[in-house]
Amino acid sequence: MRVDTVHFGDVAVVRVEGDADMATSPELREAVFDVIGARAGGTVVVNLSGVPYIDSSAVATLIECLREASSGSVRFRLAGLNDGPLKVLRLTRLVDVFEVHDSEESAIRA
Amino acid sequence: MRVDTVHFGDVAVVRVEGDADMATSPELREAVFDVIGARAGGTVVVNLSGVPYIDSSAVATLIECLREASSGSVRFRLAGLNDGPLKVLRLTRLVDVFEVHDSEESAIRA
Amino acid sequence: MVAEVEVRIESDPRRLRFVRAVVGRSCRALGAGDEAAEALVLAVNEAVANVMRHAYGGDVDQPIRIRCRRAGDMVEVLICDHGKSGDVLSERIDPPDELRSGGRGLFLIRSLVDEFEFRSKDGSNRMHLRKRVPVLAGGG
Amino acid sequence: MVAEVEVRIESDPRRLRFVRAVVGRSCRALGAGDEAAEALVLAVNEAVANVMRHAYGGDVDQPIRIRCRRAGDMVEVLICDHGKSGDVLSERIDPPDELRSGGRGLFLIRSLVDEFEFRSKDGSNRMHLRKRVPVLAGGG
Ligand SMILES: Nc1ncnc2c1ncn2[C@@H]1O[C@H](COP(=O)(O)OP(=O)(O)O)[C@@H](O)[C@H]1O
Ligand SMILES: Nc1ncnc2c1ncn2[C@@H]1O[C@H](COP(=O)(O)OP(=O)(O)O)[C@@H](O)[C@H]1O
């Protein structure tokens, strides 16, 4: 997995590449938690357009990120979900729990 | 494997689809031998553009077809070889033994 | 017809990727369409991750076997370990509480497959996952 | 690291397609690039076809095992049968006579792999094919 963070004003975008599973989710969690910690009051977007696959560990990680963001008053958005990951969020009935955007741009502007 | 024969004047084209291996080569052999038997003095083109894979059984089959054609005074041409099959003919040093054309059209016109 | 694939790994989560790749291709080669193969890959990933986490408690050097084969009109995947057995069959299967972070593996597995079995015997645990696929034409 | 795939089939030529699909994906997942994986698939196809034709003399219901794994900087495929053993190692390896129809399997195998071994012992024949592949980065 590759994780890069880019900043646009008060929005931080975490761009992820590669499968997010039990082996790689901790890395995702750490990167997003770092950004949330440094960004009270702002917005964090996780761009998953480079992620073909997520499993329940990644789902758990995203939920933890969402909770961490709320408790730090940070807006938390997902962007660019591919079909596979979207299906997993649907199956686990979590799509509506997240603020999901089609693209990174619309997640930044929202 | 799917094998279809089409006729253009004195040229018969055998169009093959699917892998040509030890399981399917006999079918290829039978179809081509049938056409050769009915076509003294003419031309038989085997269009392999729908064949992603050939193994040594298919190579043996093509050699048998070539010999059968020569003995019946039938011109025998291969057309539309994909990279994989071409590589196998190169490895077995047989590319130059066959009359190989890029496309079915050029094999018919030649 | 005999045609089966057995994947053997150590219980290291970095092997999950390998399992997904080979199990996906094997299920397709056994007759599963894209959708059924993807569902099986997801389910097998969850089952193997559970073995790593729960049966082996995070040990990364314990053996796991995953066998894929055809069983009638189903593609069947067997996941086999010799770790701690859990009461997997009686775990809750309701959709997990929205903001709980864990507890979604078994729910996903059950949503994704047509048949689900779990047995522990003589120190070995076996989970069978089966998914209905189109009937094979000819040699498959 | 343990990560290996074993494909088990009957000696029916209609299973070759299955073998190619799973062995190809397995070799890639073990670190082979496209070219190395394709070469191994071709070589394994020839080796398994030879087992069907020569070791089992055309019987279609005899067992063949094909195991793929990593061996250092190689991907290794083992093909195992219990049929008639042939003097495979001393067979001619010159490029076969142009218009002879058979006799190209072993030649292809040797052109395609970096290492080739054959052993018969206690009624079981084992052919090892190995191909060098890039060194794994990280967990592979
Ligand atoms: N293979 C297994 N071996 C032992 N226990 C298991 C296994 N799979 C699941 N369990 C038990 O079932 C529970 C629910 O599993 P699951 O739904 O996958 O969620 P999670 O793994 O996030 O806890 C686990 O917490 C564990 O107690
Ligand atoms: N797995 C095998 N078991 C026994 N004999 C074999 C095996 N593979 C090859 N041989 C012997 O080696 C010869 C050459 O094999 P090969 O080059 O593949 O050509 P072909 O199979 O067309 O004869 C075969 O004719 C056979 O006698």
Side-chain angles (χ1 to χ4, degrees), chain A residues 1-3 16-30 32-33 36 46 48 50-72 74-76 78 81-100, chain C residues 9-25 34-60 64 79 91-113 131:
Chain A
M1 171 179 284
R2 216 190 122 143
V3 185
V16 192
E17 253 168 81
D19 288 2
D21 64 9
M22 189 181 161
T24 58
S25 289
E27 204 179 327
L28 172 61
R29 187 180 186 281
E30 200 188 315
V32 179
F33 269 53
I36 290 172
V46 179
L48 294 168
V51 177
Y53 180 87
I54 67 172
D55 71 1
S56 74
S57 311
V59 170
T61 294
L62 291 175
I63 290 284
E64 287 167 26
C65 293
L66 177 63
R67 285 200 310 224
E68 180 74 5
S70 331
S71 75
V74 168
R75 276 177 298 273
F76 184 74
L78 302 182
L81 278 164
N82 288 302
D83 288 352
L86 195 58
K87 192 181 167 188
V88 172
L89 288 186
R90 288 228 172 85
L91 279 170
T92 52
R93 308 191 192 168
L94 286 168
V95 199
D96 298 333
V97 169
F98 292 100
E99 195 184 322
V100 176
Chain C
I9 55 161
E10 286 180 335
S11 50
D12 186 326
R14 291 176 302 175
R15 298 284 86 77
L16 286 170
R17 201 181 145 78
F18 180 80
V19 170
R20 292 195 296 270
V22 179
V23 167
R25 195 66 192 82
D34 284 348
E35 212 181 307
E38 271 165 37
L40 279 165
V41 164
L42 266 168
V44 171
N45 179 89
E46 295 303 325
V48 174
N50 274 348
V51 169
M52 292 170 173
R53 200 168 12 218
H54 304 300
Y56 289 131
D59 280 5
V60 297
I64 305 178
I79 294 110
E91 288 288 332
R92 59 207 290 279
I93 58 156
D94 323 312
D97 165 57
E98 284 188 351
L99 288 183
R100 205 155 64 99
S101 85
R104 291 184 175 85
L106 290 174
F107 174 74
L108 268 177
I109 293 173
R110 287 183 185 252
S111 328
L112 289 162
V113 301
K131 182 112 186 144

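- Heavy atoms of A:Leu62 lying under 4.5 Å from chain C are absent altogether.
- Going from atom CD1 of C:Ile109 over to atom OG of A:Ser56 covers 8.0 Å, rounded to the nearest 0.5 Å.
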Sequence neighbours excluded and cut-off under 3.5 Å, please list the side-chain donor-acceptor pairs for residues 52-59 of chain C, or say none.
from	atom 1	to	atom 2	distance (Å)
C:Tyr56	OH	C:Pro63	O	2.7
C:Tyr56	OH	C:His82	N	2.9

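- The line from CZ of A:Arg93 to CZ of C:Arg104 is 11.5 Å long, rounded to the nearest 0.5 Å.
- Taking NZ from A:Lys87 and CG from C:Leu112, the interatomic distance works out to 6.0 Å, rounded to the nearest 0.5 Å.
- With respect to chain C, the highest number of heavy-atom pairs below 4.5 Å among A:Asp96, A:Asp55, A:Val97, A:Val88 belongs to A:Asp55.
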Solution key, residues 18-25 of chain C side-chain donor-acceptor pairs under 3.5 Å, sequence neighbours excluded:
from	atom 1	to	atom 2	distance (Å)
C:Arg20	NH1	A:Asp21	OD2	2.9
C:Arg20	NH1	C:Asn45	OD1	2.8
C:Arg20	NH2	A:Asp19	OD2	2.7
C:Arg20	NH2	A:Asp21	OD2	3.1

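- Once rounded to the nearest 0.5 Å, the distance linking CZ of C:Arg17 with CE of A:Met1 reads 10.0 Å.
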**OP:** Decide side-chain contact (heavy atoms from CB on, under 4.5 Å) for C:Glu38 and A:Tyr53; before the verdict, give the C-alpha distance in whole Å, the side-chain angles of both, and the deciding distance to 0.1 Å.
**Re:** CA-CA 10 Å; C:Glu38 271 165 37; A:Tyr53 180 87; over 6 Å; no
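- Heavy atoms of C:Leu42 lying under 4.5 Å from chain A belong to its backbone as well as its side chain.
- Rounding to the nearest 0.5 Å places OG of C:Ser111 at 5.5 Å from CG of A:Leu91.
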